[in-house]
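Predicted model only: the values in this text are computed from it and were never measured. Lettering of chains follows the sequences in order, A, B, ..., and the numbering in each one begins at 1.
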There are 2 protein chains.
Amino acid sequence: MRDKRAIRDPEGTKKAILDGAESVFAERGFAGASIREIARRSGASGPLVLFHFHSKDELYRAVKERIVTSWSEGKGGAMPPEGTAENFIEDMIKTSFGFYRDNPNMVRMANWGRLEGDDAPWSGEEDIHKWYEKSIKEAQARGEIRDDISPLSVTVMICGAVHVWWEYHGHIEEHVKHGSYDMVSDEKYLKDLTSMVLRGLKP
Amino acid sequence: MRDKRAIRDPEGTKKAILDGAESVFAERGFAGASIREIARRSGASGPLVLFHFHSKDELYRAVKERIVTSWSEGKGGAMPPEGTAENFIEDMIKTSFGFYRDNPNMVRMANWGRLEGDDAPWSGEEDIHKWYEKSIKEAQARGEIRDDISPLSVTVMICGAVHVWWEYHGHIEEHVKHGSYDMVSDEKYLKDLTSMVLRGLKP
DNA sequence: GTCTATAAACCGATAGAC
DNA sequence: GTCTATCGGTTTATAGAC
């Protein structure tokens, strides 16, 4: 939250607005977010938000861009080291598991965006998937994992299983609370998933 | 010439409003839907919508209730027959695959609801999951599937893999279009997933 | 750059004629 | 039961003072 004084600090103001906007957009989506609420959370006035970002659309784009940039500047985009197929699959699951855990705002905004009709891949996503596809195909060619299953199926299955664990955490807890299932920890789920996929892909 | 009363058709109007509301809520979520748009799609006036359903909240609840009721009155809630663990798992995946394919509005509304903060299970969901848990535990006790993996992990993994296939269909197609992966058909994905899970769960 | 005031459009909901 | 007209509130965005 910015200082109450009307001092001129355009860069600080912009950052505060982006921070506030990110939290509101992640929480409520594009349609549910209001510039007033973004202004309130960032300590600026509504018109000041629009002075710096021109429109709600442009602010949304700026928030998305900052998230992607800051993620790819971290170790987010790093490709795992080469190794056996088993190591690669293990790493693929672990990395994607950590991604969902560590980037909740990015994941929530992507989910809102998908429902709101935006199917375009986020920047950086492409490269990772090309790397996944290549690694799976090579492992199949070397005979380390079964080749009767499509690389796309492998990726979607793993991403889906990880995605749902984090996205439906509250929902799953509700089921456990109502008497279905015994709860399992994040670590146990990661272990179960990895073990199940590794065996499922054995030739 | 018909009496003016003859064109009054409260039941037909209610149905048309529920139809319109379902399509708008599924498309845009609760916050993004407007009563004016619902009125437009159902051929009624805005006030007539509120005359029949009192408020936007109540209309939303009525839409949800109708979806659940009509689903559970179909064969939706039917439990699969008993059999070997292999048959049960196969059926569990197939049924859940068909559910996502055949109930897009219900699935979209559940997704909007989750992002909007509603974690309560939908009516009917509970029973199915209790049945899943029971069947998996029994199969583990009989030694037909491995028992080092939690029944919750099995269910979440399967639901997640199915969920993402249908929810991210457009997104996946974008990836394929941009050069990652060769596309696979719905049937091929179902076959790959089933085969991978069955082998992954073998003792 | 930052504010207050306000425009113009749209929102959910109501009043009242028929 | 269905409509038109309209209320009070909120929305994004702009005008203009400082």
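With sequence neighbours left out, Asp192(A) forms a salt bridge (Lys or Arg N to Asp or Glu O under 4.0 Å) with Lys188(A). In this structure Ser123(B) satisfies the side chain to side chain contact (heavy atoms under 4.5 Å, CB included) test together with Val68(B), sequence neighbours excluded. Residues passing the salt bridge (Lys or Arg N to Asp or Glu O under 4.0 Å) test with Glu173(A): none are found, sequence neighbours excluded. Applying the side chain to side chain contact (heavy atoms under 4.5 Å, CB included) criterion to Ser70(A), with sequence neighbours excluded, gives no partner residue. For Lys134(B), the salt bridge (Lys or Arg N to Asp or Glu O under 4.0 Å) partners are Glu138(B), not counting sequence neighbours. Taking the salt bridge (Lys or Arg N to Asp or Glu O under 4.0 Å) definition, one finds that Glu27(B) meets it with Arg41(B), sequence neighbours left out.
As a whole-Å value, the separation of Asp9(A) CG from dT2(C) P is 7 Å. With rounding to whole Å, Ile35(A) atom CD1 is found 17 Å from dA9(C) atom P. The interatomic distance linking Arg40(A) (CZ) with dT10(D) (P) rounds to 14 Å, in whole Å. The CD-P distance, from Glu37(A) to dT10(D), rounds to 13 Å in whole Å.
Among residue pairs with one or both ends in residues 176-185 of chain B, those qualifying as salt bridge (charged side-chain N to carboxylate O under 4.0 Å, His left out) are Lys137(A)-Asp182(B), Glu174(B)-Lys177(B); sequence neighbours excluded. For residues 120-132 of chain A, no pair satisfies salt bridge (charged side-chain N to carboxylate O under 4.0 Å, His left out), with sequence neighbours left out. Residue pairs that meet the salt bridge (charged side-chain N to carboxylate O under 4.0 Å, His left out) test with at least one member in residues 52-71 of chain B, sequence neighbours left out, are Asp19(B)-Arg66(B), Glu22(B)-Arg66(B), Lys64(B)-Asp118(B).
The phosphate of dT2(D) has OP1 or OP2 within less than 4.0 Å of a side-chain N or O from Thr13(B).
Within residues 51-63 of chain A, the residues approaching DNA chain D are Ser55(A), Lys56(A), by heavy-atom distance under 4.0 Å. The stretch residues 24-33 of chain B touches DNA chain C through Ala33(B), each having a heavy atom within less than 4.0 Å of the strand. Sorted by residue number, the members of residues 41-50 of chain B with any non-hydrogen atom under 4.0 Å from DNA chain C read Pro47(B), Leu50(B).
Ring geometry for Phe25(B) versus Phe30(B): interplanar angle under 30°, hence parallel rather than tilted (30 to 60°). Between Tyr189(B) and Trp165(B), the ring planes are parallel. Angles under 30° get that label, and only those over 60° would be called perpendicular.
Across the interface with DNA chain D, nearest-nucleotide mapping of Arg36(B) and Pro10(B) shows Pro10(B) to be the residue nearer the 5′ end.
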